[in-house]
2 protein chains.
Amino acid sequence: MKMIEDNRKPADVLDDLYLAERRRAIVELVQMQGRVAVTELSQRFGVSEVTIRADLQALAEQKLLVRTHGGAVRIDNDLGEMALALRRQRQVKEKSRIGQAGAERIEEGDAVFLDSSSTSLAIAHHLKQHRYVTVVTNSLEVVHELFNAPGVDVVLVGGVLQRETASFVGAHGLEEIARLNLQKGFFGAHGVDLLAGLTDVSPDEAAVKRPIAALCRQVIAVLDATKWGRVGVASFATLDQVSVIITDAGAPGEMVAAVRARGVEVATV
Amino acid sequence: MKMIEDNRKPADVLDDLYLAERRRAIVELVQMQGRVAVTELSQRFGVSEVTIRADLQALAEQKLLVRTHGGAVRIDNDLGEMALALRRQRQVKEKSRIGQAGAERIEEGDAVFLDSSSTSLAIAHHLKQHRYVTVVTNSLEVVHELFNAPGVDVVLVGGVLQRETASFVGAHGLEEIARLNLQKGFFGAHGVDLLAGLTDVSPDEAAVKRPIAALCRQVIAVLDATKWGRVGVASFATLDQVSVIITDAGAPGEMVAAVRARGVEVATV
DNA sequence: TGCAAAAATCGAAAGCAAATGAAAATGATT
DNA sequence: AATCATTTTCATTTGCTTTCGATTTTTGCA
């Protein structure tokens, strides 16, 4: 079914632009919207479709956009493909209030660690507006998320690429990280348990997190309710190391109470 | 009504001043309004349109504005992102062929280094089909390119993110890299010179490449023709360290001969 | 599904008015 | 008289539109 747009909007029509102005505007539009139609542009700028086609062809030759039938689309930017490959996890990011709560605990001047969990990614998303923050991470997605956040310095812990988690393992360059004075470290985990502490399903991931957790003044675990009581194969931090657990409503009351009794702050958002 | 200026021109120099003043005013107008029309300027300054056109042409040659039909618009010094995208598009064909030639030198089982140059990215592109290859890099784009190449193991050299080049600097984790037995290292460069060797414009980048170049059995420089004879601020390898230079037709013959005389293989694609 | 008709989109060519540049003429200043 | 900014004149170019036949995509129907 086709959507019929009622475009009776004379106010939106940009008339009498110079060629260069119109083409600049087209590039801007295509950057913003991702796609434009010849008809739409023709109406908006008050010129014929032939003229718009000439514009699009010229702009396509300058690699400023990609021509398609009926219009044009944004040029495939460097990191767009990766975003596509990892789209599933990104949707989660939008909804997470845990990320917001985590970001609120980060102050100007802080140096923090974010691991490769989806909750860390959510924190990174909410960090974009911050300034004078240094983020240390082993997550490719966190780097991607913060690539356009000029106020945030990003330090990536190198290593071998794990494609499943888009992260790097192998503990490369820990000596340099150790000099960084990390105030807070945010760790997702597969499970939290009184005995096993924070655990991960991947021993490699755990091997990266373990020494970094030891470096952080505060270890902050970010866990949704389902993680309570679960245990993964590899522990990377004991409960004694953990300062704060950020979780959502639905965390089992007895476990929360037990954890609090061990001196861990539990924040529910 | 015509505006008549009472111009008792007192001295010879003031004659030029009036012209210069009008042009300065035009530049100011264009900066403020974003756009000006020839007719509008003609009326405002009380001179003919031909004169205004001469003004606009002169100002356009000085890059103080952009000429259009009927007027002129402000110079667009907007997105650095776009500039980056454009820079990346330059000489695509040549770089692709250089990348192909570089990729052909990589065999099964090899461990190679790729730096954060666009030619290295081209090599990565042609490496996608290879198997049992390990790529060490400090380039975010190389990682991205190889993310969906399951036959290629990727090791990222960590460090501080440089957004302009999408690379990581700071020499994190070089000890681990040193254990890797790198057969070949591919290095783009800002210039190649008999005395300075391979040079880069960024000291930080050079600081990463220098120790890695020292680790590689073979240092292979990948350079398009424009790089010959240029020198950047920071050297990262002497010519003696270089085994092969891959370049395109158009490299200056004398320099190529001189480099060959120094025992460096030069491959032209 | 599959295929043909219909609709949308496209490129080339022709036409037109505004804008342009080149060259000669004007005019002011020295 | 000489110079130089400016103007006038005019043939040419540019930007745009309209038209029309050729494509491509979508739709309708089996």
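Just so it is clear, the values below take in all heavy atoms, side chains as well, and ignore hydrogens, waters and symmetry mates. It should be emphasised that the depicted structure is a prediction, and the values quoted were computed from it without experimental measurement.
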Q. Hey, is B/Asp193 close enough to B/Arg230 for a salt bridge, meaning N to O under 4.0 Å?
A. no
Q.
Measuring from the side chain of B/Leu19 (C-beta onward, heavy atoms only), which nucleotide among D/dC16, C/dG21, D/dT6 has the closest atom?
A. D/dT6
Q | Touch class at under 4.0 angstrom, heavy-atom based, for B/Thr68 against every strand present | A | sugar-phosphate
Q | Distance, rounded to the nearest Å, where A/Phe45 contributes CZ and D/dT17 contributes C1' | A | 18 Å
(Q) From the set D/dT17, C/dT9, C/dG21, return the single nucleotide nearest to any side-chain atom of A/His69. (A) C/dT9
Q: Could you tell me the separation between the CD atom of B/Glu49 and the P atom of C/dA22, rounded to a whole number of Å?
A: 17 Å
Q) Can you tell me if CZ on B/Arg23 sees more than 12 non-hydrogen neighbours from other groups inside 6.0 Å? A) yes
Q | Modelled atom types, side-chain donor and acceptor of A/Ser202 and A/Asp204, under 3.5 Å | A | no
Q | N-O pairing of B/Arg131 and B/Glu107 below 4.0 Å | A | no
Q.
Side chain of A/Ser48 only, heavy atoms from C-beta on: which candidate in D/dT8, D/dT17, C/dA19 is closest?
A. D/dT17
Q. Nearest-Å distance, CD1 (A/Ile52) to P (D/dG15)?
A. 14 Å
Q) Rounded to the nearest Å, what distance is computed from the CD atom of residue B/Glu40 to the C1' atom of nucleotide C/dA18? A) 17 Å
(Q) B/Phe113 and side chain to side chain contact (heavy atoms under 4.5 Å, CB included): which single residue from B/Asn138, B/Val135, B/Val142 fits? (A) B/Asn138
Q) Quick one: is D/dG15 close enough that its OP1 or OP2 comes under 4.0 Å of any side-chain N or O from A/Arg22? A) no
**Q.** Candidate nucleotides D/dT14, C/dA19, D/dT7, ranked by approach to the side chain of B/Val50 - the nearest
**A.** D/dT7
Q) Roughly, in whole Å, what's the span from CG in A/Leu41 to P in D/dT17? A) 13 Å
Q. Over how many whole Å does the gap from A/Asp55 atom CG to D/dT17 atom C1' extend?
A. 14 Å
Q: Between A/Thr51 and B/Thr51, name the one whose nearest nucleotide on DNA chain D is closer to the 5' end.
A: B/Thr51
Q) CD of A/Gln43 versus P of C/dT9: gap in Å, rounded? A) 11 Å
Q: May I ask you to verify if any side-chain N or O of A/Arg53 is less than 4.0 angstrom from the OP1 or OP2 atom of C/dA12?
A: no
Q) For the pair made of OH in A/Tyr18 and P in C/dA18, what is the distance, rounded to whole Å? A) 15 Å
